[in-house]
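First up is the structure itself, then whatever we jot down about it.
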Amino acid sequence: MTPQERATRAADAMWSDDGASQWLGMTLVSVDEGTAVMTLTVQQHHCNGHGMCHGGITFSLADSCFAFACNSRNQSTVAQNNMITYTAPAQVGDVLTATAQEVSLTGRSGIYDVRVSNQDGKTIAEMRGLSRAIKGQLFTE
């Protein structure tokens with residue numbers, strides 16, 4: 001099995017049980033070993049009292065994208081720590097794209113950077129996620 005095939009099968013297994021990402025309206029665009037891309041179109045119910053996309057929604061998009069990237073080797077992996085910096089607000093109608101990229105993987109610990117940008121390429125947030133592999137796989141190999 002190629003790394004791309006493994007990543008796709010792992011993502012399919014995760015997506016089938018990922019009620020949160022689906023309920024929020026996210027779409028998994030692509031996945032490969034150590035990387036993932038997801039999108040979300042900001043709707044009114046994603047907005048806070050200031051009329052902009054709630055930071056928790058932006059964080060959820062980044063966190064979900066991080067999850068697909070760090071589980072792409074079919075090793076069950078969870079978040080150990082995440083830190084996000086918001087650089088610009090997102091508005092209703094914006095199409096947000098989260099792109100996760102593995103920075104380092106050593107033993108059971110990984111480091112991933114996730115950029116969230118809008119349809120114009122403007123950076124909305126940057127997240128760094130630290131992962132930890134646990135027992136189990138997403139599908140039987």
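The distance from the CG atom of D113 to the CD atom of E126 is 7.0 Å, given to the nearest 0.5 Å. In this structure, CG on D17 lies 11.5 Å from CG on D12, to the nearest 0.5 angstrom. The distance from the CE atom of M26 to the CG atom of D18 is 7.5 Å, given to the nearest 0.5 Å. Separation of atoms CG (D94) and CG (L40) is listed at 10.0 Å; rounding is to 0.5 Å. Expressed to the nearest 0.5 Å, how far SG of C65 lies from CZ of R115 amounts to 12.5 Å.
In terms of heavy-atom proximity, L138 sits nearest to S76 at N-OG, 4.3 Å. When all heavy atoms of N48 and H50 are compared, the pair lying nearest together is OD1-N, 2.9 Å. Considering every non-hydrogen atom in both A100 and A69, the closest pair reads CB-CB, 3.8 Å. The nearest pair of heavy atoms linking A125 to T87 is N-OG1, 3.8 Å. For the residue pair L105 and G110, the shortest heavy atom distance occurs at CD1-CA, 4.0 Å. Nearest approach of S131 to T77, heavy atoms of both residues: CB-CG2, 3.5 Å.
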### Task
Carefully, step by step, assess L61 and V116 under the rule side-chain contact (heavy atoms from CB on, under 4.5 Å).
CA-CA 8 Å; L61 177 62; V116 178; 4.2 Å; yes

### Task
Could you walk me through whether Q101 and V114 pass the side-chain contact (heavy atoms from CB on, under 4.5 Å) test, one step at a time?
CA-CA 6 Å; Q101 180 65 52; V114 185; over 6 Å; no

### Message
Run the side-chain contact (heavy atoms from CB on, under 4.5 Å) test on R73 and E102 for me, step by step, so that the C-alpha distance in whole Å, both residues' side-chain angles and the decisive distance to 0.1 Å come before the verdict.
### Response
CA-CA 12 Å; R73 289 182 177 84; E102 186 176 87; 2.7 Å; yes

#### Entry: side-chain contact (heavy atoms from CB on, under 4.5 Å) between T58 and I124, worked out
CA-CA 8 Å; T58 304; I124 302 300; 4.3 Å; yes

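Between the D63 side chain and the F59 main chain, no donor and acceptor come within less than 3.5 Å of each other. No donor-acceptor distance shorter than 3.5 angstrom exists from the side chain of D120 to the backbone of K122, with no hydrogens or angles considered. Between the H54 side chain and the G56 main chain, a donor and an acceptor come within less than 3.5 Å of each other. Of the possible polar contacts, one joining the S16 side chain to the A13 backbone as a donor-acceptor pair under 3.5 Å is found. Without hydrogens or angle criteria, Q75 side chain to A133 main chain gives no donor-acceptor distance under 3.5 Å. In this structure a side-chain-to-backbone donor-acceptor pair under 3.5 Å is missing from Q22 to G19. A donor-acceptor distance shorter than 3.5 angstrom exists from the side chain of S72 to the backbone of G34, with no hydrogens or angles considered. Side-chain atoms of S117 never come within 3.5 Å of backbone atoms of T123 as a donor-acceptor pair (strictly under, hydrogens ignored). Without hydrogens or angle criteria, T2 side chain to E5 main chain gives a donor-acceptor distance under 3.5 Å.
N82 has its side chain within reach of M127: a pair of non-hydrogen atoms, C-beta onward, lies under 4.5 Å apart.
For M83, the CE atom sits in a loose shell: 12 or fewer heavy atoms of surrounding residues, nucleotides or ligands are nearer than 6.0 Å. In H45, the NE2 atom is crowded: over 12 heavy atoms of neighbouring residues, nucleotides or ligands sit closer than 6.0 Å. More than 12 heavy-atom neighbours from other residues, nucleotides or ligands sit within 6.0 angstrom of CZ on R132.
M14 and I134 are assigned to two separate hydrophobic clusters, defined by single-linkage of ILVMFWY side chains at heavy-atom distances under 4.5 Å. Cluster annotation: F66 is connected to I84 through the hydrophobic network of ILVMFWY side chains, with a link wherever side-chain heavy atoms come within less than 4.5 Å. Under a hydrophobic-cluster definition in which Ile, Leu, Val, Met, Phe, Trp and Tyr are linked whenever side-chain heavy atoms come within less than 4.5 Å, directly or via other members, I57 and M38 are assigned to the same cluster. Linking ILVMFWY side-chain heavy atoms closer than 4.5 Å, directly or via other members, places W23 and V42 in a single hydrophobic cluster. Hydrophobic clustering keeps L28 apart from Y112 (ILVMFWY residues linked when any side-chain heavy atoms are closer than 4.5 Å, directly or through intermediates).
Using a 30° and 60° split on the angle between ring planes, W15 and F68 fall in the tilted class, from 30° to 60°.
Remark: R6 does not engage E33 in a salt bridge, criterion side-chain N to carboxylate O under 4.0 Å. A salt bridge does not link R9 with E141: every distance from a Lys NZ or Arg NE/NH1/NH2 to an Asp or Glu carboxylate oxygen is 4.0 Å or more.
Side-chain contact, T39 with T97: no donor N or O sits under 3.5 Å from an acceptor N or O.
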